[in-house]
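Take a look at the structure set out below.
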Amino acid sequence: MNRRRLGQGLEVSEQGLGCMGMSEFYGVGDDAESIATIHEALDAGVNFLDTADMYGPFVNEELVGRAIKGRREEVVLATKFGNQRGEDGSFIGINGSPEYVVAACDASLRRLGVEYIDLYYQHRVDREVPVEETWGAMKSLVEAGKVRHLGISEASVATIERAHAVHPVCALQSEYSLWSRDPEDGVLDACRRLGIGFVAYSPLGRGFLTGESANREATTEGDYRKNHPRFSGEAYAHNLALVKNLEALAGAKGVSVAQLALAWVLSRGEDVVAIPGTKRRKWLRENVAASALCLSDQDVADLERAVPRSAVAGDRYHAAGMRTING
């Protein structure tokens, strides 16, 4: 697995592993299979693991902590705070208060069973708390040795610049894939101007860009995607036609749709890292193989014609979720 550098020299595998779906949102999980998936990822050279306190809530960090026990030095560990949830799973809101930053970090360290976090993200921007106050508290975590690098997720250019003035931003994490191209509207350019790495979450469009058969899982009970704007009603049928375009291209190259979609994200620049999520070893193996796929300029053009940005139907989130991005 190739390595790439984020921000202030944080070296990570060009593909990370998103762990969210192992505990929530994508149907029923299997802790034993999830831990085996994390172990196989590490064995394959995928060293960048991504979690957050809100996933589960809380139990995903505990799962990751169990999986990396005895292998901490092999891992670049990223987690997040800011989407505050209750013990009962309720969504309380976005919290960027300095006191909460410190408390959330201490709780994550306990759940993960580690002494430090490699990359600590502000998961969403609290519009009621100046980002300078939030990042002042985050900076204190670095000074205390609890955190090594800082990141931010789904933030606007102006917010990124303000945070970066308080403490260097190592990475911006935002959704980026063939069907979610928003970072191209100035955010990627700003990251490059400021020397900030870019981490693409949902590079497979929450699984939609993996082929028609794989999408059937997203309509099962307990999987939040069945009501997602892009997976629902007329939007689903419309977007499925775009996937069929990808299937034709993938078939011609003798690769899977997922591999082609992942290779496109990795082709966006050496400062872009993808964190496809999976909870099964078979999909991990398929994803890892995408790193061996080199796309020509013609391949990239063909992919972008197959999934035109303007042709995708539905928002990235429901209305409430959309209000939390670009903060």
Side-chain angles (χ1 to χ4, degrees), residues 4-8 10 12 16-20 47-58 60-61 64-65 75-85 93-98 100-109 111-112 114 116-127 129 131-142 144 146-157 159-164 166-176 183 187-188 190-191 194-203 271-277 321 324-327:
R4 295 186 176 185
R5 288 185 180 272
L6 300 175
Q8 299 77 51
L10 179 61
V12 301
L17 176 60
C19 299
M20 178 189 77
N47 70 348
F48 190 30
L49 303 183
D50 184 90
T51 182
D53 58 3
M54 75 161 286
Y55 301 158
F58 314 124
N60 193 244
E61 287 184 325
V64 171
V75 177
V76 179
L77 182 60
T79 192
K80 315 176 198 73
F81 76 92
N83 280 316
Q84 189 175 8
R85 295 182 69 179
I94 297 173
N95 194 339
S97 66
Y100 181 72
V101 172
V102 176
C105 180
D106 287 343
S108 288
L109 289 168
R111 286 188 291 265
L112 290 161
V114 298
Y116 65 90
I117 295 162
D118 293 290
L119 178 56
Y120 198 45
Y121 291 103
Q122 182 179 9
H123 204 167
R124 290 291 186 272
V125 176
D126 186 342
R127 297 175 189 269
V129 177
V131 73
E132 291 83 359
E133 294 183 14
T134 304
W135 273 67
M138 293 170 69
K139 179 180 179 180
S140 75
L141 298 174
V142 177
K146 297 178 180 181
V147 171
R148 293 191 169 175
H149 297 274
L150 301 179
I152 196 166
S153 180
E154 293 287 9
S156 68
V157 171
T159 298
I160 294 166
E161 290 174 337
R162 289 168 60 193
H164 195 66
V166 176
H167 186 279
V169 178
C170 179
L172 169 74
Q173 183 180 134
S174 289
E175 185 175 356
Y176 191 35
V187 167
L188 266 173
C191 286
L194 297 170
I196 298 169
F198 187 93
V199 177
Y201 78 80
S202 292
D271 53 351
V272 175
V273 170
I275 52 168
T324 71
I325 65 176
N326 204 35

query: Would you find a donor on one side and an acceptor on the other, under 3.5 Å apart, between the side chain of Asn60 and the backbone of Tyr55?
result: no

- prompt: Do Ile94 and Asn83 come close enough that some side-chain heavy atom pair is under 4.5 Å?
  reply: yes

statement: On a heavy-atom basis, the closest approach of Gly321 and Thr324 is O-OG1, 2.7 Å

message: Ignoring hydrogens and geometry beyond distance, is a side-chain donor-acceptor pair present between Tyr121 and Glu154 at under 3.5 Å?
response: no

message: If you compare all heavy atoms of Tyr120 against all heavy atoms of Lys80, which two are closest, and at what distance to 0.1 Å?
response: CE1-C, 4.2 Å

task: For residues Cys170 and Leu119, determine if any side-chain heavy atom of one lies less than 4.5 Å from a side-chain heavy atom of the other.
output: yes

field: Taking every non-hydrogen atom, the tightest pair across Leu6 and Gly197
entry: CD2-CA, 3.8 Å

Stepwise side-chain hydrogen bond (donor to acceptor under 3.5 Å, both in side chains) check, Glu61 with Ser108: CA-CA 7 Å; Glu61 287 184 325; Ser108 288; 2.8 Å; yes

message: Is it the case that the side chain of His123 and the backbone of Gly82 share a donor-acceptor pair, with hydrogens and angles ignored and the cut-off at 3.5 Å?
response: no

Contact check, side chains of Phe81 and Thr134, non-hydrogen atoms, under 4.5 Å: yes

task: Show your working on side-chain contact (heavy atoms from CB on, under 4.5 Å) between Leu194 and Ile160 and close with a plain yes or no.
output: CA-CA 9 Å; Leu194 297 170; Ile160 294 166; 4.1 Å; yes

Distance (rounded to the nearest 0.5 Å) between Ser140 OG and Lys146 NZ: 7.5 Å

Side-chain (Arg5) to main-chain (Leu10) donor-acceptor, under 3.5 angstrom: no

query: Using the ring of each side chain (for Trp, its six-membered ring), is Trp135 parallel, tilted or perpendicular to His167, with breaks at 30° and 60°?
result: tilted

field: Val101 and Leu141, any side-chain heavy atoms less than 4.5 Å apart
entry: yes

message: Any side-chain to backbone donor/acceptor pair from Ser202 onto Glu175? Under 3.5 Å, distance only.
response: no

message: Treating Asp126 as the side-chain partner and Gly96 as the backbone partner, does any N or O pair qualify as donor plus acceptor under 3.5 Å?
response: yes

- request: Taking the side chain as every heavy atom from C-beta outward, state whether Cys19 and Leu17 have any atom pair closer than 4.5 Å.
  value: yes

query: Taking side chain as C-beta onward, heavy atoms only, is Val166 less than 4.5 Å from Met138?
result: no

message: Within this structure, what is the OH-CG distance for the pair Tyr201 and Asp50, rounded to the nearest 0.5 Å?
response: 10.5 Å

Heavy-atom closest pair, residues Ser153 and Arg124: OG-NH1, 3.3 Å

query: Which atoms form the tightest heavy-atom contact between Gln122 and Val131, and what is the distance?
result: OE1-CG2, 3.9 Å

message: Give me the atom names and distance for the closest heavy-atom approach of Ala163 to Ile152.
response: CB-CD1, 4.5 Å

query: Under the side-chain contact (heavy atoms from CB on, under 4.5 Å) test, which residues partner Asn47, sequence neighbours left out?
result: Arg3, Val12, Ser13, Val76

field: Any side-chain heavy-atom pair of Phe48 and Leu77 under 4.5 Å
entry: no

Approximate separation, where rounding is to 0.5 Å, of Cys191 SG and His164 NE2: 9.5 Å

message: I'd like to check the side-chain contact (heavy atoms from CB on, under 4.5 Å) partners of Ala107; sequence neighbours left out, ordered by chain and number.
response: Arg110, Arg111

- line: Asp53 meets the side-chain hydrogen bond (donor to acceptor under 3.5 Å, both in side chains) criterion, sequence neighbours left out, with none

- request: Flag the pair Cys105 / Val147 as yes when at least one side-chain heavy-atom distance between them is below 4.5 Å, and no otherwise.
  value: yes

